[in-house]
Each structure stands twice: as C-alpha cells, then as structure tokens.
Amino acid sequence: MSDLTFAGLTPAPADPILGVTEKFRADPRPQKVNLGVGVYLTEEGKTPLLDVVRDAEMALAQSNQPHGYIPINGLPEYCSAVQKMVFGADSEVVQSGRAVTIQTLGGTGGLKVGMDFMHNVCGASRAATSVPTWGNHNALLKYAGFEVAGYRYYDKANDCVDFEGMVADLKALPAKTLVVMHSCCHNPTGYDLTPEQWKTVIEICRQGQLTPFLDMAYQGFGVGLKEDAASIALFAESGLDFLLSTSFSKSFNLYGERIGALTVVTQNASEAAVVLTQLKSMVRANYSNPPSHGARIVSRVLNNPQTFEQWLGELAAMRTRIQKMRHALADEMARIGAKRDFSFVTRQKGMFSFTGLSPEQIDRLADEFGIYAVRNGRICICGLNTRNVEYVARSIAAVL
C-alpha cells in the first residue's frame, strides 16, 4: 500500500560528529584514538566528575527535596546566577533588568527556543552562520523555518580568521537577518575575533539592522571566565538588542543533565518582561518545564563564593590541560619534521582545532591508523594525552 504515511520515508543521514564515535567504538584495534568527540576528557580519557559537582549532589541528596515541577522559565536563583556570571553582577544590563534569562535544555535548547522565538514571534525569516560553523546551527535554523546563508570566517591558506571576507558578507546581509556568532572558542576552528574586530562587527550589525545571536558554549575554556565573555560585554555596552545561548555541559561536565540558558537583551525592563512572556509560551508548547537537578547543582556552586572559587580552580585546570596538549602536538610535529608547521594550533582557543586536513586525509587517519576525527578536519584537543600525542602526530604527518 503506497499511500501509507511513512512508507516513502528514507533514512536521515548520520550525524557527522556522533557517527565518528560509533565508528571508533566499532574499531577492534587496541591502538586507536577518538578526536571527534566533543566532550572534555582527562589525561586518562575519562569525563571527570568535578569536586564541586560531587559535593553539590551530596548536599542535594541530603536535603530530601521533592521532585516537583519548577517554573517554566527555570529556577529563579539559577537564572539570576547565569546573568551575573555572564555580564558581571554590577553590569548595567543586570542592574537595569533589561535582560531576561531562562533555563533551557543545554545550550542547544537555548538556541532552539531563541530561534523559534525570533521566527514565530518576531517574524525573522533569514539567518546567517559562519563558514564553517557547528553543524547543528544550520539544522536548528532550518527546522525553525529560517532561510540560512553563510558568511566567510576561516582563511585556510593563512590559518586565521578571514575578517575581510566576514565583514563584506555581513554588510551584504538583508536587514533583520539573525546572525549566529560564536562569542569565544569558535567551533570548529578555534579562532576568535579580537576586541577591535568585535567592535567592527557590532557597528555592522547596528548599521545593517542585523540581530546578533551569540553562542557561548565554552566560557572559561579559552582564556578565563571574564576574558571569554569580553565580546558579550561589548554587545551589552552597544545598546543593541541581541540573544545569547550559554551552556554548563563543558564547564561543569554536566553533559547528561542538559543544563543551559537563553538570555535576551532588550532596551529596558518593560520590554524584557514582555519577552519573558513570549519565551515562556515557546517553552510551554515545547517541553513545558526544564529539569531541576542540573540547575540546582549549578545554582549551589555559582551562588556560594567559596564553591564558586573552587569551581574556577577546576575550570582553570581543564583549560590548562587543553593548552598543554596544543603545545605538545605542535612540538611533536616540529620534532619529527612534519611537512607542515602545526604551531597554529597553539593560537587557537577552546576544545577544538581546525587542522586543515582534507576529508581524504581524515579517512586515511581512520583506515590506516585508527585515529577518528570529523571529516571537515576538526579535531578535539581533549582526545589527546601524553600517551597518544606522539602517535597522533606521527600519523598526521604520514597523511600530509
């Protein structure tokens, strides 16, 4: 019967990132390395349980709280803590009340709710993302109903940001375009804009009537918590309306708790109050209420000065390990005399590096050496450790 509802469906393509891990797990070779996974890993290759998270969970278990619904927009103390962490407690944005923050299902959920809000409530129909960008950005925009374009970002030939191309493409966008940007630790390239470049982008958004949507999934993994939010501070000072998605998946290693936030910065507290009603309407028609456990953990840590400082120390340790692995890879490539200078990886920030390797070279790494990465050339630096970095370097050198 050809008229059945699902009879004509074809399989959706596998996720290009999650599919890498599946192939890695199926590889029987003892010497194999997964550089595709987008999670923080320790020197032992494990996802850590932070001390502050363990202590918070123990305190929560002893409090015997019932598991009731929390507000549609999330725990108030969590949303308040997120704002203070991102903007600073003394920020004008926080003090004036012109920003509204809701708890979401991870950073992805923040992007989804924000995109649905912009399309269904604000009437936006066009969007633009960097080339390249995190693959899910374009999928989220597509399913939210946007027509998606790209703006240049990565200069492969010179291993840097193609800022001239970026500026030209942003200036050519139609008014009211929703522009998705990585505020720090750009995924997948690892290259970030300078403060002066951000100021130029802000002015282009002002003159072109573009709506910025900043994605900050890796705050604290670049230089530091405050430093990584410097671009957000510039947007806050600009007076522009903008959206911001944040996540605690990486910085707290709370991947499975799906704990993130969406912040919308408006012109005044009255506008923010109206926006909140619309965001709650979006959430209610989607998943109704966010889960409470991850929010209670993060809230306990961020709202206590002692645990907050403890968390900053653990975050710094993760950041330092990533930086050490960047230098270790670059140094080993130089030591073995690889055909290409890999010092560019030390100039990149965050968990990822855009290696410039072709899809064919990535395939060779997997087939010949058991080293798995995304076919666009992105590797996760967290997959490296002192036991495998030499092997990875020699393997990459072999496919150059």
Side-chain angles (χ1 to χ4, degrees), residues 72-74 79 82-83 86-87 93 98-131 133-151 153 169-183 187 201-202 204-217 231-232 234-236 238-247 260-288 290:
I72 294 174
N73 51 309
C79 297
V82 169
Q83 277 199 17
V86 171
F87 298 104
V93 168
R98 65 185 182 93
V100 57
T101 298
I102 67 167
Q103 179 187 334
T104 60
L105 305 183
T108 302
L111 291 166
K112 173 61 176 171
V113 173
M115 291 169 183
D116 284 346
F117 165 69
M118 288 302 300
H119 181 69
N120 295 299
V121 178
C122 300
S125 60
R126 295 185 178 90
T129 60
S130 65
V131 179
T133 192
W134 179 49
N136 218 15
H137 280 157
N138 293 335
L140 287 164
L141 288 165
K142 172 187 173 183
Y143 284 114
F146 284 89
E147 176 185 332
V148 186
Y151 59 85
Y153 190 86
D169 289 349
L170 291 180
K171 286 183 176 179
L173 292 175
K176 308 302 182 183
T177 298
L178 184 68
V179 184
V180 178
M181 294 178 276
H182 305 242
S183 60
N187 179 7
V201 168
I202 288 171
I204 293 172
C205 290
R206 188 194 313 280
Q207 294 180 5
Q209 299 180 52
L210 308 177
T211 304
F213 197 156
L214 299 165
D215 186 0
M216 188 164 62
S231 59
I232 306 300
L234 291 174
F235 275 92
S238 72
L240 292 176
D241 295 337
F242 67 96
L243 297 86
L244 168 66
S245 172
T246 50
S247 168
L262 169 67
T263 298
V264 181
V265 179
T266 69
Q267 294 300 303
N268 52 60
S270 296
E271 286 186 5
V274 173
V275 168
L276 177 59
T277 66
Q278 293 289 354
L279 294 179
K280 289 169 67 175
S281 178
M282 293 284 108
V283 170
R284 178 61 174 163
N286 191 339
Y287 52 85
S288 189

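All values reported here derive from a predicted model rather than from experimental measurement.
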Quick check against the 3.5 Å criterion: does [X] have a side-chain atom that pairs as donor or acceptor with the backbone of [Y]?
{"X": "Gln83", "Y": "Ala99", "answer": "yes"}
{"X": "Thr177", "Y": "Val179", "answer": "no"}
{"X": "Arg206", "Y": "Ser238", "answer": "yes"}
{"X": "Ser247", "Y": "Ala217", "answer": "no"}
{"X": "His119", "Y": "Ser125", "answer": "no"}

Measuring from Thr133:OG1 to Asp215:CG, what's the distance to the nearest 0.5 Å?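 Those atoms lie 7.5 Å apart.
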So, taking the atom named CG in Asp116 and the one named CG in Leu141, what distance separates them when rounded to the nearest 0.5 Å?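 If I round to the nearest 0.5 Å, the distance is 10.0 Å.
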Considering non-hydrogen atoms only, spot the tightest contact between [X] and [Y] and give its length.
{"X": "Ile232", "Y": "Phe87", "result": "CG2-CE2, 3.5 Å"}
{"X": "Pro174", "Y": "Leu210", "result": "O-CD2, 3.3 Å"}
{"X": "Leu214", "Y": "Ser183", "result": "CB-CB, 4.4 Å"}
{"X": "Leu240", "Y": "Cys205", "result": "CD1-CB, 4.0 Å"}
{"X": "Cys79", "Y": "Gln103", "result": "SG-N, 3.7 Å"}
{"X": "Met115", "Y": "Phe146", "result": "O-CE1, 3.4 Å"}

Does any part of the side chain of [Y], heavy atoms only, come nearer than 4.5 Å to the side chain of [X], both counted from C-beta?
{"X": "Val100", "Y": "Leu279", "answer": "yes"}
{"X": "Lys176", "Y": "Arg126", "answer": "no"}
{"X": "Met181", "Y": "Pro212", "answer": "yes"}
{"X": "Tyr287", "Y": "Leu105", "answer": "yes"}
{"X": "Ser245", "Y": "Met216", "answer": "no"}
{"X": "Leu234", "Y": "Ile202", "answer": "yes"}
{"X": "Val275", "Y": "Phe117", "answer": "yes"}
{"X": "Leu262", "Y": "Thr101", "answer": "no"}

Output, in order, the C-alpha distance, side-chain angles, deciding distance and verdict of side-chain contact (heavy atoms from CB on, under 4.5 Å) for Val131 and Tyr153. CA-CA 5 Å; Val131 179; Tyr153 190 86; 5.6 Å; no
Donor + acceptor pair across side chains of Asn187, His182 (<3.5 Å):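 Checked: Asn187/His182 side chains show no N/O donor-acceptor pair below 3.5 Å.
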List in chain and number order the residues that pass side-chain hydrogen bond (donor to acceptor under 3.5 Å, both in side chains) with [X], two or more places apart in sequence or in another chain; answer none if no residue qualifies.
{"X": "Glu271", "result": "none"}
{"X": "Thr246", "result": "none"}
{"X": "Gln267", "result": "Asp241"}

Member of Thr211, Val180, Val113, Thr263 meeting the side-chain contact (heavy atoms from CB on, under 4.5 Å) criterion with Leu243: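 With Leu243 as partner, side-chain contact (heavy atoms from CB on, under 4.5 Å) holds for just one option, Thr211.
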